[in-house]
Amino acid sequence: MAQARVKARKESAFAERFGVFAECLLTGVWIALACLGIVTYPAAFAAGARHLRRRTTHRAGGWREFVADFRAAGRTGWAVGLAGWAVAGTVWVDVLAARAGLPGGPLVGAVGLFALIGSAVALLRAAAVWTPGASWRGLLAEAGRRTVLDPAGSFLIVCGLAVVALSALFLAPLAVPVLGAVAAAALAVEERHRRR
């Protein structure tokens with residue numbers, strides 16, 4: 001008796017792209033859960049970007065791999081998270097000085113906000129290329145250079161951050177899944193930069 005041949009069904013382009021979008025939203029929830037440790041946001045974004053990289057290159061991976069990546073990135077990534085909060089605190093003081101009417105306050109406040117945005121972009125770019133065993137210091141130094149030398153890519157990440165902020169403004173829970181889209185944007189920007 002002849003056996004019927006079963007062809008592997010290939011997804012349509014629409015189904016594949018929608019699957020990636022859905023995976024971004026799920027990854028955003030995972031990132032939000034991993035960020036609950038307050039200083040764990042660099043590790044959370046690194047694990048999220050690595051998960052999305054696996055998904056877009058058709059490699060298997062799920063929650064267990066995300067958690068393993070999160071733990072590996074968090075071993076030294078917590079120090080980066082702590083430094084990020086210190087930078088944010090410094091910018092907050094700058095903004096308070098600007099509001100208090102101190103001489104030069106508005107300039108100092110503007111420079112501080114610009115530095116905070118640049119730091120956030122560099123952090124996301126570093127997280128997008130993180131691999132287990134990589135040094136956060138080296139990743140951040142290279143990401144800082146790419147942030148300055150690739151202004152178009154950096155602007156795209158800033159737009160992603162703006163989408164998260166606007167989502168939180170309109171409907172706070174919506175900002176949670178959108179975090180995955182920011183990780184995907186950073187991943188896409190880094191892939192674009194690598195191919196140039």
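Just the heavy atoms: all of them, side chains too, but no hydrogens, waters or symmetry mates, feed the values below.
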Peer 1: Look up atom CG in L102 and atom CG in L107, then write down how far apart they are to the nearest 0.5 Å.
Peer 2: 13.0 Å
Peer 1: Are more than 12 heavy atoms, taken from residues, nucleotides or ligands other than I38, located less than 6.0 Å from that residue's CD1 atom?
Peer 2: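 Check fails, neighbour count at 12 or below.
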Peer 1: So which heavy atom on L123 is nearest to which on W136, and how close?
Peer 2: CD1-CZ3, 4.4 Å
Peer 1: Minimum heavy-atom separation for G109 and A98, please, with both atom names.
Peer 2: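 That closest heavy-atom pairing would be CA-CB, 4.3 Å.
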Peer 1: CZ of R59: more than 12 outside heavy atoms within 6.0 angstrom?
Peer 2: yes
Peer 1: What's the shortest heavy-atom distance between A32 and V176, and which atoms?
Peer 2: CB-CG1, 3.5 Å
Peer 1: Linking I/L/V/M/F/W/Y whenever any side-chain heavy atoms sit under 4.5 Å apart, do I117 and V182 land together?
Peer 2: yes
Peer 1: Checking side chain to side chain contact (heavy atoms under 4.5 Å, CB included) against F45, which of T27, L124, T40 comes through?
Peer 2: L124
Peer 1: Heavy atoms, side chains only, cut-off 4.5 Å: are D150 and V189 in contact?
Peer 2: yes
Peer 1: Check the orientation of F66 and W63. Use parallel for under 30°, tilted for 30 to 60°, and perpendicular for over 60°.
Peer 2: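 Ring orientation of F66 relative to W63: parallel.
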Peer 1: Would a single hydrophobic cluster contain both V178 and F21, if residues Ile, Leu, Val, Met, Phe, Trp and Tyr are joined by side-chain heavy-atom contacts under 4.5 Å?
Peer 2: no
Peer 1: Between A183 and I31, what is the shortest heavy-atom contact and its length?
Peer 2: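 So the minimum-distance heavy-atom pair works out to CB-CD1, 3.9 Å.
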Peer 1: Drop me the distance from R192's CZ to L156's CG, to the nearest 0.5 angstrom.
Peer 2: 6.5 Å
Peer 1: How long is the gap from CH2 on W30 to CG on D69, to the nearest 0.5 Å?
Peer 2: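 One gets 10.5 Å once the value is rounded to the nearest 0.5 Å.
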Peer 1: Over all heavy atoms of both residues, which pair between L140 and A126 is shortest? Give the atoms and the distance, please.
Peer 2: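 Here L140 and A126 meet closest at CD2-CB, 3.7 Å.
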Peer 1: Salt-bridge test for R194 and E190: reply yes if a basic N is under 4.0 Å from a carboxylate O, no otherwise.
Peer 2: no
Peer 1: Measuring only between side-chain heavy atoms, which start at C-beta, is S154 closer than 4.5 Å to R125?
Peer 2: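 Sidechains of R125 and S154: in contact.
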Peer 1: Can you confirm whether C24 sits close enough to R55 that some side-chain heavy atom of one is under 4.5 Å from a side-chain heavy atom of the other?
Peer 2: no
Peer 1: Minimum heavy-atom separation for R53 and W130, please, with both atom names.
Peer 2: NH1-O, 3.9 Å
Peer 1: When clusters are formed by joining ILVMFWY residues with side-chain heavy atoms under 4.5 Å apart, either directly or through shared neighbours, do L25 and F18 land in the same one?
Peer 2: yes
